[in-house]
A.B. asks: 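Below you'll find the structure I mean.
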Amino acid sequence: MLLNEFGTYYLADELGYFVDDALEEHADHSATRIVRFHSDLAAEVADLLQKMAADPAHPLFETIGKETLYDWNGDQDSWAKFQRLARRMSEGIAKGISG
């Protein structure tokens, strides 16, 4: 489900349109979708995002990179953007679950 979210909304060729100015807004929309459509997995996804934001060597980066055609942990700038995105999504999911 997380791969589908990234593969649908965070493709490399579209990131340039929002990654600097509207990343938080996109993260909020992702969190809302995850809570709304996958509430049974939302807590696990929030936890996974936090773990990934703390570990640039997390094995899921390779899969997400292939899905999005973007190397999220390839350099400091990309890694910082992933951390912002993942933490914001995780926080939004946590808020959405708690009501």
Side-chain angles (χ1 to χ4, degrees):
M1 182 265 308
L2 187 59
L3 289 176
N4 185 52
E5 184 69 21
F6 271 84
T8 302
Y9 297 100
Y10 299 98
L11 294 173
D13 61 346
E14 298 175 9
L15 284 174
Y17 296 113
F18 66 86
V19 76
D20 292 318
D21 301 326
L23 189 63
E24 285 78 10
E25 181 181 344
H26 277 71
D28 292 344
H29 290 300
S30 288
T32 298
R33 279 189 295 274
I34 289 167
V35 170
R36 182 175 296 150
F37 298 114
H38 305 284
S39 60
D40 57 325
L41 300 173
E44 291 175 47
V45 171
D47 184 56
L48 176 59
L49 286 165
Q50 286 293 336
K51 288 177 181 173
M52 290 181 71
D55 181 8
H58 193 285
L60 193 53
F61 277 114
E62 184 176 340
T63 306
I64 287 177
K66 287 178 184 174
E67 188 72 23
T68 61
L69 305 175
Y70 187 77
D71 193 4
W72 290 97
N73 58 349
D75 58 56
Q76 288 297 329
D77 186 52
S78 298
W79 172 237
K81 288 173 183 171
F82 179 82
Q83 288 178 302
R84 281 180 32 225
L85 174 64
R87 289 178 179 144
R88 181 73 175 236
M89 282 174 67
S90 181
E91 290 166 4
I93 291 167
K95 287 177 186 174
I97 292 170
S98 66

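Just so you know, these numbers come straight off a predicted model, no measurement behind them.
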A.B. asks: Does a side-chain heavy-atom distance below 4.5 Å link D20 with K81?
C.D. replies: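 A side-chain contact under 4.5 Å exists here.
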A.B. asks: With side chains defined as the heavy atoms from C-beta onward, is the minimum distance between F82 and M52 less than 4.5 Å?
C.D. replies: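 Heavy-atom side-chain distance check passes, below 4.5 Å.
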A.B. asks: CE/M89 to CD/E24 distance, rounded to the nearest 0.5 angstrom?
C.D. replies: 12.5 Å
A.B. asks: Minimum heavy-atom separation for A53 and A86, please, with both atom names.
C.D. replies: CB-CB, 4.1 Å
A.B. asks: For residues D77 and D75, report the shortest heavy-atom separation together with the two atoms involved.
C.D. replies: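 For D77 versus D75, the nearest heavy atoms are N-OD1, 3.1 Å.
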A.B. asks: Do the side chain of S78 and the main chain of W72 share a donor and acceptor less than 3.5 angstrom apart?
C.D. replies: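 No; zero donor-acceptor contacts below 3.5 Å.
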A.B. asks: Looking at side-chain heavy atoms only, is the closest gap between L48 and H58 below 4.5 Å?
C.D. replies: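 Yes, side chains in contact.
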A.B. asks: To the nearest 0.5 Å, how far apart are CE in M1 and CD in E5?
C.D. replies: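 Here the rounded value is 8.0 Å.
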A.B. asks: Are H38 and V45 side-chain neighbours, meaning at least one heavy-atom pair lies under 4.5 Å?
C.D. replies: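 Result no, sub-4.5 Å side-chain heavy-atom pair not found.
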A.B. asks: Validate the cation-pi geometry between R33 and Y9: distance from NZ or CZ to the six-membered ring centre under 6.0 Å, angle to the ring axis within 45°.
C.D. replies: yes
A.B. asks: Would K51 and D55 count as a salt bridge (Lys or Arg N to Asp or Glu O under 4.0 Å) if you check the C-alpha gap in whole Å, the side-chain angles of each, and the deciding distance to 0.1 Å?
C.D. replies: CA-CA 6 Å; K51 288 177 181 173; D55 181 8; over 6 Å; no
A.B. asks: Membership question, hydrophobic clusters at under 4.5 Å side-chain separation (ILVMFWY): are L41 and L3 in the same one?
C.D. replies: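 Yes, same cluster.
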A.B. asks: For the atom pair CG (L60) and CG (L2), what is the distance rounded to the nearest 0.5 Å?
C.D. replies: 6.5 Å
A.B. asks: Any heavy-atom pair between the side chains of R88 and R84 that's under 4.5 Å?
C.D. replies: no
A.B. asks: Would you call E62 and K66 a salt bridge, taking side-chain N to carboxylate O under 4.0 Å as the test?
C.D. replies: yes
A.B. asks: Roughly how far, to the nearest 0.5 Å, is CG of L23 from CG of D21?
C.D. replies: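 It is 10.0 Å, given to the nearest 0.5 Å.
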A.B. asks: Could you tell me if the side chain of I93 sits less than 4.5 Å from the side chain of L49, heavy atoms only?
C.D. replies: yes
A.B. asks: Heavy atoms, side chains only, cut-off 4.5 Å: are S30 and Y10 in contact?
C.D. replies: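 The answer is yes, as the side chains (C-beta and beyond) meet within the 4.5 Å cut-off.
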A.B. asks: Tell me, do Y70 and L11 make a side-chain contact under 4.5 Å, heavy atoms counted?
C.D. replies: no
A.B. asks: Between G7 and E67, which heavy-atom pair has the shortest distance, and what is it?
C.D. replies: CA-CG, 3.5 Å
